[in-house]
Amino acid sequence: MDLVEQLTRLSHEKGYRLYFLGAAPGVAERAAQNLLVKYPHAQIVGVQHGYFQAADEPAIAAQIAASRPDVLLIGMGMPRQEKWAWAHRDALGVPVMIGVGGSFDVYAGVVKRAPRWMQRTGCEWLWRLIQDPRKIRKVRNLPRFAWRVWRASLG
Ligand code: UDP
């Protein structure tokens, strides 16, 4: 969540090109508009919602590639966003692609962010789990993910 805002700030300061992909129709646009109020020089070079048909994927990837973003932020939920980025990586040709989950909903004002103290103490995930208990299916995999990353880091 913080990363989306920090990247928009960096874009405002240094001109990096950002593309917002994901969320329901209109939501990423609204998130972009809200962020542009605070960071008016941010280069949000394209926006596309995340509820498209498989048949439209090549056209969407081509449209993103044509906008030449430096960073593609994909908010289509884990693991769909990561799988999509991986499957289309060659067509996209974007140097940095990051899964941002439900961040566009938050910046669009559709979903309320966790209270500050929860953000500060690293408990934002718990807030989001309480808001949507079905997330438990994803959250319970995180210790396994952390374990595998740690094991892989040992070589
Ligand atoms: N979403 C999407 N396309 C889909 C399914 C979901 O764009 O086919 C969006 C959804 O509208 C929401 C985001 O993906 O904005 C998922 O948010 P969530 O908080 O569930 O993601 P998580 O952080 O748990 O991966």
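Here CG of Leu36 is found 8.5 Å from OG of Ser11. Values are rounded to the nearest 0.5 Å. Of the inter-residue distances, the one linking Ile74 atom CD1 with Glu82 atom CD reads 8.0 Å to the nearest 0.5 angstrom. One distance of note links CE of Met76 with CE of Met78; it measures 14.0 Å at 0.5 Å rounding.
At least one side-chain heavy atom of Leu126 sits under 4.5 Å from a side-chain heavy atom of Met118. Side chains of Leu35 and Val4 form a contact here, defined as non-hydrogen atoms less than 4.5 Å apart. By the 4.5 Å heavy-atom criterion applied to side chains, Leu92 and Met97 are counted as neighbours. Residues Gln63 and Tyr19 have side chains in contact (heavy-atom distance under 4.5 Å, counting atoms from C-beta outward). Contact annotation: the side chain of Glu13 approaches that of Leu10 to within less than 4.5 Å [non-hydrogen atoms, C-beta and beyond]. In this structure, Leu7 and Tyr16 have side chains that are not in contact, with every pair of non-hydrogen atoms separated by 4.5 Å or more.
Under the ring-ring contact (aromatic ring centres under 6.0 Å, His included) criterion, Trp150 pairs with Trp147, sequence neighbours left out. In this view, Tyr39 and His12 satisfy the ring-ring contact (aromatic ring centres under 6.0 Å, His included) rule, not counting sequence neighbours. Listed by chain and residue number, nothing satisfies the ring-ring contact (aromatic ring centres under 6.0 Å, His included) test with His49 (two or more places apart in sequence, or in another chain). Under the salt bridge (charged side-chain N to carboxylate O under 4.0 Å, His left out) criterion, Arg134 pairs with Asp132, not counting sequence neighbours. Residues that satisfy the side chain to side chain contact (heavy atoms under 4.5 Å, CB included) test with Ala24, not counting sequence neighbours, are Val27, Tyr51. Every residue meeting the salt bridge (charged side-chain N to carboxylate O under 4.0 Å, His left out) condition with Glu124, not counting sequence neighbours, appears here in chain and number order: Arg113. Residues passing the side chain to side chain contact (heavy atoms under 4.5 Å, CB included) test with Pro58: none are found, sequence neighbours excluded. In this structure, the side chain to side chain donor-acceptor pair (under 3.5 Å) partners of Gln6, at least two apart in sequence or on a different chain, are Arg9. Applying the ring-ring contact (aromatic ring centres under 6.0 Å, His included) criterion to Phe52, with sequence neighbours excluded, gives Trp84.
Linking Ile, Leu, Val, Met, Phe, Trp and Tyr whenever their side-chain heavy atoms come within less than 4.5 Å leaves Ile60 and Phe104 in two separate clusters. Hydrophobic cluster membership is shared by Val71 and Val100, with clusters built from Ile, Leu, Val, Met, Phe, Trp and Tyr side chains linked at under 4.5 angstrom. The hydrophobic cluster containing Trp127 does not contain Met1, counting ILVMFWY residues as joined when their side-chain heavy atoms lie under 4.5 angstrom apart, directly or transitively. Note: the hydrophobic cluster containing Ile130 also contains Trp117 (ILVMFWY, side chain heavy atoms under 4.5 Å, direct or indirect links). Cluster membership for Ile98 and Val106, using ILVMFWY side-chain heavy atoms within less than 4.5 angstrom, is shared.
When every heavy atom of Pro95 is checked against every heavy atom of Pro69, the shortest pair comes out as CD-O, 3.7 Å. Across every non-hydrogen atom of Ser67 and Val45, the tightest pair is O-CG2, 3.6 Å. Taking each heavy atom of Ala65 and Ala91 in turn, the nearest pair found is CB-O, 3.4 Å. Counting all heavy atoms, side chain and backbone alike, His88 lies closest to Ala61 at ND1-CB, 4.3 Å.
Checked options Ile64, Val47, Leu73; the residue passing with Leu21 is Ile64 (criterion: side-chain contact (heavy atoms from CB on, under 4.5 Å)).
Judged as a salt bridge (charged side-chain N to carboxylate O under 4.0 Å, His left out), the pairs with a partner in residues 22-40 (not counting sequence neighbours) are, in order, Glu5-Lys38. A side-chain hydrogen bond (donor to acceptor under 3.5 Å, both in side chains) check over residues 93-107, counting only residues at least two apart or in different chains, returns nothing.
Under the 3.5 Å distance criterion, the side-chain polar atoms of Lys135 are left unmatched by any main-chain donor or acceptor of Arg128.
Membership of the apolar cluster around Val149 extends to Phe145, as traced through chained side-chain contacts below 4.5 Å between ILVMFWY residues.
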